[in-house]
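Small disclaimer: the values here were computed from a predicted structure and weren't measured.
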Amino acid sequence: MNQRSYLDYNATAPLRPEVREAICGALDLYGNPSSVHEEGRAARAAIEAARISVAELLGAAPEDVIFTSGGTEANALALAARGGQAWHCYLSAVEHPSVLTGGRFYRETTTLIPVTKEGVVDLAVLARELEKHHVGGWRPFVSLMVANNETGTIQPVAEAAAIVHGAGGLLHSDAVQAPGRLPLDMAELGVDMLSLSAHKMGGPKGAGALVLKAGVSVEPLLKGGGQERRRRAGTENVAGIVGFGIAAELAAADLAKADAIGALRDVLEEGALAIAPDAVIVSGSVDRLPNTSCIAVPGAKAETLVIGLDLAGVSVSAGSACSSGKVEASHVLSAMGLPPELAQGAIRVSLGIGTSSHDIERFLGAFGELIKRLKQSPRAAA
Ligand code: PLP
């Protein structure tokens, strides 16, 4: 049995052994993939094989995959300037910070779309907003994530796509948390662009992709060489991309295990509620990623729980962020209208392919101790 229980897969997933092996092999592919000689061609072939694997994960065409340095860059590339006409950007209020910056859109041309108290984007508001600006002559650019990293809430991306396309707009979706957890098909989702990150699916950090629907173009953020069909300059991260390709293949196969992971998550939540009956499972009543649980404990401080669990050998994240010594609720929980007293006691537990029932037991044992301490001495535990 492992000495520790890693339950923070949404932050990053452990490197898969198959990925490690492929990366180690690829480190010897020293040729520049743009070189025409044999060494260059070997590196190029490895990249193109990975491109096919990533495309297959999404039912996309390999030539529509643009490799980037990760999810953040893929989001920034999606939100890069679009020439030719006036655009207005619409973002759901629970997007990842790399999307919420608005990329190259100005604040005046960016509108936040609210979410329900369960964290689902309000499509009626989106439709109303798009109507307004469509009349005003803007072209809408909308970004709506497939699933939220803090709560696991699944967004109605296909429904949003119908609204966005009806208004003549483009839809980007940050799918960084979805591979291996949800079936992903670009055509079924109806998106024009989709972001991925290798390290969330057992691949290496520093590799990701923006994947386009056929015919959709982007304005490069990095200009210079002609790599990635002139859409992202810079000599490719060959080993990282090779690892990403293997991780994408494994993620497609992992889908078969998503229900079993969901069952472990349900055991964890039932156990947590038995220990702390006043705790709230955030977004518990809507469709969520099977691996994610956001548990808000009234009267607790997330940091205290995270540290206490860490000392007991269990790794989870806080659903709130500490800035300048002041604990602030996450923008996601705030956008959902979760009361600050509850949001400050929210932890995110995220399971993955390596999670076993021992990990759930260890979590519940440690969680039980912490809640007992909290009840005995509310001020000390909080
Ligand atoms: N989008 C979401 C939903 C994420 O959870 C993350 C990672 O935390 C990112 C984007 C950024 O990805 P990367 O770490 O590869 O830059």
Side-chain angles (χ1 to χ4, degrees), residues 71-72 74-82 85-178 182 186 188-195 210 213 216 282-283 285-289 292 294 319 328-338 343:
T72 298
N75 287 339
L77 182 57
L79 291 154
R82 319 201 85 77
Q85 65 193 112
W87 288 84
H88 193 96
C89 178
Y90 302 83
L91 310 171
S92 96
V94 295
E95 294 301 310
H96 187 265
S98 57
V99 169
L100 279 180
T101 56
R104 296 288 164 95
F105 287 93
Y106 294 112
R107 195 186 290 254
E108 312 82 70
T109 55
T110 302
T111 301
L112 279 192
I113 305 297
V115 296
T116 66
K117 65 181 185 11
E118 292 292 351
V120 181
V121 71
D122 192 330
L123 287 181
V125 173
L126 177 68
R128 265 203 314 275
E129 286 291 332
L130 293 198
E131 193 54 40
K132 206 159 59 190
H133 285 280
H134 191 48
V135 170
W138 299 104
R139 239 193 119 182
F141 179 91
V142 180
S143 188
L144 177 63
M145 67 204 320
V146 171
N148 186 265
N149 43 304
E150 293 187 30
T151 61
T153 311
I154 296 170
Q155 299 294 345
V157 173
E159 289 92 320
I163 295 169
V164 175
H165 294 147
L170 281 176
L171 178 62
H172 161 254
S173 194
D174 174 346
V176 160
Q177 293 290 345
L182 291 179
M186 289 276 288
E188 269 173 33
L189 287 169
V191 297
D192 300 290
M193 286 170 241
L194 185 143
S195 301
L210 182 69
K213 183 165 96 177
V216 171
V282 179
S283 295
S285 62
V286 291
D287 278 349
R288 278 181 300 159
L289 292 175
T292 307
C294 178
E328 285 176 8
S330 80
H331 72 280
V332 173
L333 302 182
S334 300
M336 294 166 63
L338 206 73

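- Counted by atom type alone, Ser285 and Glu118 present one or more donor-acceptor pairs between their side chains at under 3.5 Å.
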(request) Begin with the C-alpha distance, continue with both residues' side-chain angles, and end with the deciding distance and a verdict on side-chain contact (heavy atoms from CB on, under 4.5 Å) for Leu333 and Cys294. (result) CA-CA 10 Å; Leu333 302 182; Cys294 178; 4.3 Å; yes
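- Proximity of Val121 to Leu126: side-chain heavy atoms (C-beta onward) are nowhere separated by under 4.5 Å.
- Side chain of Arg288 to main chain of Ile154: no donor-acceptor pair is present (N/O by atom type, distance under 3.5 Å, no hydrogens or angles).
- At a cut-off of 3.5 Å, with distance as the only test, no side-chain donor of Thr111 or Glu129 sits close to an acceptor on the other residue.
- Distance check: Met193 CE to Leu77 CG gives 8.5 Å after rounding to the nearest 0.5 Å.
- The two residues Thr72 and Ser98 have their closest heavy-atom pair at CG2-CB, 3.8 Å.
- No side-chain donor-acceptor contact under 3.5 Å links Gln155 to the backbone of Ser173.
- Taking the six-membered ring for Trp, Phe105 and Phe141 have ring centres closer than 6.0 Å.
- Looking only at side-chain heavy atoms (C-beta outward), Val332 and Thr151 come within less than 4.5 Å of each other.
- In summary, the side chains of Asn148 and Thr153 do not present any donor paired with an acceptor at a separation below 3.5 Å, with no hydrogens or angles considered.
- Taking 4.5 Å as the limit, some side-chain heavy atom of Leu170 sits within range of a side-chain heavy atom of Trp87.
- Expressed to the nearest 0.5 Å, how far CG of Leu171 lies from CG of Leu189 amounts to 9.0 Å.
- Leu144 places none of its side-chain heavy atoms less than 4.5 Å from the side chain of Ile113.
- A heavy-atom distance below 4.5 Å is not found between the side chains of Val146 and Val191.
- You'll find the side chain of Val115 stays beyond 4.5 Å of the side chain of Asp122, heavy atoms only.
- Contact detail for Val176 and Gly71: the closest heavy-atom pair is CG2-CA, 4.1 Å.
- Using modelled atom types, one finds a donor on one side chain and an acceptor on the other under 3.5 Å when comparing Ser143 with His172.
- Scanning all heavy atoms of the two residues, the minimum distance from Val125 to Pro114 falls at CG1-CD, 3.7 Å.
- Summarising the geometry, atom CD belonging to Gln177 is positioned 10.5 Å from atom CG belonging to Leu182; distances are rounded to the nearest 0.5 Å.
- Across Val120 and Pro156, no two heavy atoms sit closer than the pair CG1-CD, 3.8 Å.
- Atom CZ in Arg107 sits 13.0 Å away from atom SG in Cys89 (nearest 0.5 Å).
- A donor-acceptor contact shorter than 3.5 Å links the side chain of Glu95 to the backbone of Met145.
- Atom CZ of Arg104 is separated from atom OG1 of Thr109 by 13.0 Å, given to the nearest 0.5 angstrom.
- Between Ile163 and Ala127, the shortest heavy-atom distance links the atoms CG2-CA, 3.8 Å.
- For the pair Ser283 (side chain) and Val286 (backbone), a donor-acceptor distance under 3.5 Å is absent.
- Counting all heavy atoms, side chain and backbone alike, Glu150 lies closest to Thr292 at O-CG2, 4.0 Å.
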(message) Between Asp174 and Ser195, is the side-chain hydrogen bond (donor to acceptor under 3.5 Å, both in side chains) condition met? List the steps.
(response) CA-CA 5 Å; Asp174 174 346; Ser195 301; 5.4 Å; no
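- The closest side-chain heavy-atom distance from Leu112 to Tyr90 is not below 4.5 Å.
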